[in-house]
Colleague: 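What follows is a structure written as structure tokens; I'll ask about it next.
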Amino acid sequence: MATPQRDELPVAGLTTGQLARLLGVSPTTLRSWDRRYGFGPASRADGRHRRWSPDDVAMAREMCRLTATGTPPAEAARTARLRARGSAGPDGPDEWPPVLSDRADGAEGTAPRAGSGLPLGRVRSECRGLARAAVRLDAEEVRELLRRAVAHHGPAVAWEEVMSPALQAVGRKWQSSGERGEQGEQYVEVEHLLSWHISAALRHYYLDATRPRRAATGAPVLLSCLPGEQHTLPLDVLTAVLGDEGQAVLMLGGSVPADALIIAVRRVASLAVVLWAQTGDTADLALARRVAGARWGVRGARTQTPVLLCGPGWHQVTDAAEPPGLTYVTSLHDAVRTLTGLRREHPSR
């Protein structure tokens, strides 16, 4: 897409909303920078509306680039202002910055722009914005971007096309930095921040979905991590997706003791039990068989609950054959499809 020339643009400049979309940040972040660091547009139309000139836009792009590399916001604001003044002539830069695309940073044909420094590849613009905010440790921006992504796309698409690619890129950057002898630890806090806020966004979405929009009905799906397993995020995703479809969910969380898990299965007439294992160390097949064998209901009419084995850990401890009562699922869509089928087979539950 051709870059608009300076004389082709309105004299008034860009609004805060237009600039936010251009840079992949939220208007709240731009206003926060103005409030905290005096980092705002040089003029206001009619004395009220903020308008960003080409010089202002160049300065904001430099601010994004610096904060994405870990520069503290206050220092980044000072540096961006100095560099913008030093690089622009009396009339400012010759042209506006190019419109952001979904292409990878540094890809052929993509003009340089403020990036996250993460190996994202070709992803949605929302994912790039999320990665930039996470690298800056901008919790307010991360929270707002996640809220908008889940509200606009729904939990499944938001997870697969916005949240998960950002998390995976942080993991790859952390690993590659460590292998090269760099300070890979600096991305651990980014991953923790991003994971926590993703979990919070998905849980809030589930709570909202089961209240005003569509009440959950029928027997719940019981979700649990095995003993020693703390990776609850995949189950948070599944919880949000099921809640969006009106399916009741009973989420037990991470590292549930074996006896407590068996008691819960016997107490609750659930549609199915989903057991998550991230690694082979937590994928306890013997416990999964115990769960599958647990019976519930009145004496003389007891029944068993189907058990779904989810997570990469199960592939490290099992072969291709599925033990009785256990079903392997390979993806989020596979899990939802299997649970939907069970719901149709047992409408009375």
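For this chain, numbers begin at 1 and follow the sequence in order. Just so you know, these numbers use all the heavy atoms, side chains as well, and skip hydrogens, waters and symmetry mates.
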Colleague: Roughly how far, to the nearest 0.5 Å, is the CZ atom of Arg203 from the OG1 atom of Thr232?
Modeller: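 With rounding to 0.5 Å, OG1 (Thr232) is 5.0 Å from CZ (Arg203).
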Colleague: Indicate if Leu252 and Ile263 have the same hydrophobic cluster label, given that clusters are the connected sets of ILVMFWY residues with side-chain heavy-atom separations under 4.5 angstrom.
Modeller: no
Colleague: If I take atom CD from residue Glu229 and atom CG from residue Asp281, how far apart are they, to the nearest 0.5 angstrom?
Modeller: 9.5 Å
Colleague: Locate the shortest heavy-atom distance separating Trp276 from His231; write the atom from each residue and the value.
Modeller: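 Minimum heavy-atom separation between Trp276 and His231: CD1-O, 3.4 Å.
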Colleague: So Leu130 and Val142, side-chain contact (heavy atoms from CB on, under 4.5 Å) or not? Walk me through it.
Modeller: CA-CA 6 Å; Leu130 179 62; Val142 168; 4.0 Å; yes
Colleague: Just one of Arg147, Arg148, Arg143 clears the side-chain contact (heavy atoms from CB on, under 4.5 Å) bar with Leu145, so which one?
Modeller: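 When side-chain contact (heavy atoms from CB on, under 4.5 Å) is applied between Leu145 and each of Arg147, Arg148, Arg143, only Arg148 qualifies.
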Colleague: For the atom pair CD (Glu140) and CD (Glu144), what is the distance rounded to the nearest 0.5 Å?
Modeller: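 Going from CD on Glu140 over to CD on Glu144, the span is 8.5 Å.
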Colleague: Leu235 and Cys225: side-chain contact (heavy atoms from CB on, under 4.5 Å), yes or no, with the steps?
Modeller: CA-CA 8 Å; Leu235 294 186; Cys225 289; 3.9 Å; yes
Colleague: Quick check: closest heavy atoms across Thr282 and Leu226, and the distance to 0.1 Å?
Modeller: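 Closest approach of Thr282 to Leu226: O-CD2, 3.4 Å.
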Colleague: Are side-chain heavy atoms of Leu339 and Val329 found at a separation under 4.5 Å?
Modeller: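 The answer is no, as the side chains (C-beta and beyond) never meet within the 4.5 Å cut-off.
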Colleague: May I ask you to check whether over 12 heavy atoms, not counting those of His153, lie within 6.0 Å of atom NE2?
Modeller: yes
Colleague: Shortest non-hydrogen contact from Ala20 to Leu30?
Modeller: N-CD1, 3.8 Å
Colleague: For a 4.5 angstrom cut-off between non-hydrogen side-chain atoms, does Glu245 reach Val336?
Modeller: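 Result yes, sub-4.5 Å side-chain heavy-atom pair found.
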Colleague: Taking the side chain as every heavy atom from C-beta outward, state whether Leu146 and His204 have any atom pair closer than 4.5 Å.
Modeller: no
Colleague: Any luck finding a side-chain donor-acceptor pair between Asp56 and Ser53 under 3.5 Å?
Modeller: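 Yes, Ser53 and Asp56 have a side-chain donor paired with an acceptor closer than 3.5 Å.
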Colleague: Looking at side-chain heavy atoms only, is the closest gap between Pro165 and Trp159 below 4.5 Å?
Modeller: no
Colleague: Taking all non-hydrogen atoms of both residues into account, name the closest pair between Gly313 and Ala283 and its distance.
Modeller: O-CB, 3.5 Å
Colleague: If I take atom OG1 from residue Thr340 and atom CD from residue Gln247, how far apart are they, to the nearest 0.5 angstrom?
Modeller: 8.0 Å
Colleague: So do the side chains of Leu137 and Leu193 get within less than 4.5 Å of each other, counting heavy atoms only?
Modeller: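 Side chain of Leu137 against side chain of Leu193, heavy atoms only: contact under 4.5 Å found.
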Colleague: Any idea which heavy atoms bring Tyr206 and Ala240 closest together, and the distance?
Modeller: CB-CA, 4.1 Å
Colleague: Is there a side-chain contact between Glu160 and Leu332 (heavy atoms, below 4.5 Å)?
Modeller: yes
Colleague: Do Leu275 and Leu261 have side chains that approach each other closer than 4.5 Å (heavy atoms only, starting at C-beta)?
Modeller: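 Leu275 vs Leu261: side chains touch.
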Colleague: When rounded to the nearest 0.5 angstrom, what distance separates CG in Leu308 from OH in Tyr328?
Modeller: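 The CG atom of Leu308 sits 12.0 Å away from the OH atom of Tyr328.
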Colleague: For Leu14 and Arg51, run side-chain contact (heavy atoms from CB on, under 4.5 Å): C-alpha distance rounded to whole Å, both residues' side-chain angles, the deciding distance at 0.1 Å, then the answer.
Modeller: CA-CA 5 Å; Leu14 291 180; Arg51 294 286 180 173; over 6 Å; no
Colleague: Check whether the side chains of Glu126 and His152 place a donor and an acceptor atom closer than 3.5 Å, and report yes or no.
Modeller: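 Their side chains do not contain a donor-acceptor pair, so the 3.5 Å distance test is not met.
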Colleague: Find out whether Asp259 and Pro257 are in side-chain contact, i.e. whether some heavy atom of one side chain is under 4.5 Å from a heavy atom of the other.
Modeller: no
Colleague: Assess the side chains of Gln168 and Ser164: does a donor N or O sit below 3.5 Å from an acceptor N or O?
Modeller: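 On atom types as modelled, these side chains qualify, holding a pair under 3.5 Å.
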Colleague: Quick check: closest heavy atoms across Thr305 and Ala272, and the distance to 0.1 Å?
Modeller: CG2-CA, 3.4 Å
Colleague: Take Val265 and Val307, measure what side-chain contact (heavy atoms from CB on, under 4.5 Å) needs, and give me the verdict at the end.
Modeller: CA-CA 10 Å; Val265 172; Val307 175; over 6 Å; no
Colleague: Enter the distance from Thr327:OG1 to Leu342:CG here, rounded to the nearest 0.5 Å.
Modeller: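 Here the interatomic distance stands at 7.5 Å.
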Colleague: Under 4.5 Å between side-chain heavy atoms, counting indirect links through other Ile/Leu/Val/Met/Phe/Trp/Tyr residues: same cluster for Leu238 and Leu207 or not?
Modeller: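 Yes.
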Colleague: Is there a donor-acceptor pair under 3.5 Å between the side chain of Ser199 and the backbone N or O of Ser195?
Modeller: no
